[in-house]
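What follows is a short report on a single structure.
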2 protein chains.
Amino acid sequence: MARVSLKEQMQRVREDAIVDAVNQLLATKGYELMTVDEVAAEAGLAKASLYKLFTSKEELAAAAMVRVLERALAQAEALEQQEADARARLEAMVRWTLQVQLAGEMPTLPAQNSRLVAALKGHRAYMDRLFELSDRLGGWIVEAQKRGGVNPKLPSELVLFTMFARACDPVLGMLKASGQYSDEQLVELLLATTFQGLAGG
Amino acid sequence: MARVSLKEQMQRVREDAIVDAVNQLLATKGYELMTVDEVAAEAGLAKASLYKLFTSKEELAAAAMVRVLERALAQAEALEQQEADARARLEAMVRWTLQVQLAGEMPTLPAQNSRLVAALKGHRAYMDRLFELSDRLGGWIVEAQKRGGVNPKLPSELVLFTMFARACDPVLGMLKASGQYSDEQLVELLLATTFQGLAGG
DNA sequence: GTCTATAAAGCGATAGAC
DNA sequence: GTCTATCGCTTTATAGAC
């Protein structure tokens with residue numbers, strides 16, 4: 001009797017629609033400008049119904065972040081199968097975040113909103129996945145630094161933070177707005193500056 | 001009779017106090033979370049008085065951006081006197097932005113708020129200074145690319161945007177929060193990743 | 001010109017009917 | 001469980017007294 005009831009399935013679909021809407025709004029407008037009314041309208045249900053599933057706006061944001069972290073973890077696991085070299089794995093991971101960003105599907109949260117930050121810090125599912133991803137990438141970084149693929153003089157923490165920051169780097173949007181480059185070119189350009197810098201190795 | 005009246009001087013001082021408050025609040029809380037009430041309280045005058053000098057919240061933000069752009073331009077002019085090498089000038093400019101950011105004095109605006117962006121686009125003083133700074137730095141970049149100090153394969157636009165982005169890079173705050181590095185170390189680390197990348201030339 | 005007081009609107013969150 | 005209707009609060013912006 002482990003069968004999932006129809007009701008549960010429908011609820012799951014509805015929750016997915018909500019998180020989809022949150023994800024898209026966080027990617028385009030950001031947290032402060034995203035309203036719960038918009039989320040409900042986009043997901044196709046009444047705001048009061050939404051609040052039965054998610055207890056607050058912060059909870060909505062956390063759910064979107066949990067999902068994108070899970071996607072990142074899935075991507076990381078796939079890369080561990082496909083790619084042996086640590087540096088190449090790190091590059092592939094950054095490439096993936098740039099592609100997600102270009103697709104308008106990278107939710108970004110303001111680090112300045114202390115209320116939101118506090119809520120996230122106390123959010124178990126979010127923190128678990130954040131630590132898991134950090135641990136996995138941290139391992140790659142240390143390995144790449146041993147082999148010289150990443151500068152061993154840099155604190156591995158700095159490398160990790162830089163990778164996270166590239167996931168919501170405004171440079172990509174600014175350059176895309178200029179309209180002079182294809183998405184593929186944009187990704188390769190940003191990847192080059194991330195690993196080679198402006199001087200260009 | 002070019003003497004500046006006492007009244008004008010006092011108004012100037014008061015406007016400076018307001019822009020100071022805006023600057024600090026933009027640096028710490030960001031635009032959306034900054035309230036005009038806070039600005040008035042911080043600057044020590046009533047909100048209604050503030051609205052006689054600045055017609056909107058957007059105008060306040062623009063004023064803070066104008067001032068930081070003017071400071072950047074002053075810094076750029078000073079560097080043209082002191083430093084002959086284009087690449088060295090670019091590095092010094094990034095170093096300056098990192099120091100301002102560490103001092104908690106770098107106002108940052110959300111690129112996502114379309115109302116604010118539209119207001120800035122129509123703000124003459126802001127746009128003038130933005131173009132002037134872009135032109136000046138753009139010249140340095142092209143020169144540095146000719147001499148090999150900056151990768152000539154990168155679009156100079158990308159180099160410029162990357163420099164602007166480093167002025168509000170969240171990596172600096174994240175790394176500082178870890179408490180393991182002095183301000184001087186932080187600046188040199190970020191400078192290294194900006195120009196040498198993670199691979200480290 | 002500076003203030004107190006308030007208008008006007010938007011938002012997160014909830015009550016209560018069905 | 002889903003909806004309509006509304007509460008309660010915050011925020012931008014202004015009116016009007018002194």
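What's counted below: heavy atoms across the whole structure, side chains too, no hydrogens, waters or symmetry copies. Letters go in sequence order (proteins before strands), and every chain restarts at 1.
Counting to the nearest Å, the C1' atom of C:dT4 and the CG atom of B:L50 are 16 Å from each other. For A:F54 and C:dT14, the CZ to P distance is 16 Å, given to the nearest whole Å. Per the geometry, CG belonging to A:L45 stands 10 Å off C1' belonging to D:dC3, to the nearest Å. Distance CG (A:L116) to P (C:dG12): 13 Å, rounded to an integer number of Å.
At a threshold of 4.0 Å, the pair B:E8-B:R12 does not count as salt-bridged, since none of the basic side-chain nitrogens sits closer than that to a carboxylate oxygen.
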Completion exercise
In B/S/- notation (B base, S sugar-phosphate only, - none; protein heavy atoms under 4.0 Å), nucleotides 11-18 of chain D written 5' to 3' is SBBBB---
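Contact annotation: B:R14 reaches the phosphate of C:dT2 (side-chain N/O to OP1 or OP2, under 4.0 Å). Using a 4.0 Å cut-off, no side-chain N or O of B:S49 falls inside it from OP1 or OP2 of C:dG1.
Looking at residues two or more places apart in sequence or on another chain, you find a salt bridge (charged side-chain N to carboxylate O under 4.0 Å, His left out) between B:D183 and B:K176. Residues forming a side-chain contact (heavy atoms from CB on, under 4.5 Å) with A:A144 (at least two apart in sequence, or on another chain): A:A86, A:R87, A:L90, A:V150. Applying the salt bridge (charged side-chain N to carboxylate O under 4.0 Å, His left out) test to A:R71 and every residue at least two apart in sequence or in another chain returns nothing.
A salt bridge (Lys or Arg N to Asp or Glu O under 4.0 Å) check over residues 44-61 of chain A, counting only residues at least two apart or in different chains, returns the pairs A:D37-A:K47, A:E58-A:R115.
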Enumerate, atom names and distances included, each donor-acceptor pair closer than 3.5 Å involving a side-chain atom of residues 193-201 of chain B, sequence neighbours excluded.
from, atom 1, to, atom 2, distance (Å)
B:T193, OG1, B:L190, O, 3.0
B:T194, OG1, B:L190, O, 2.8

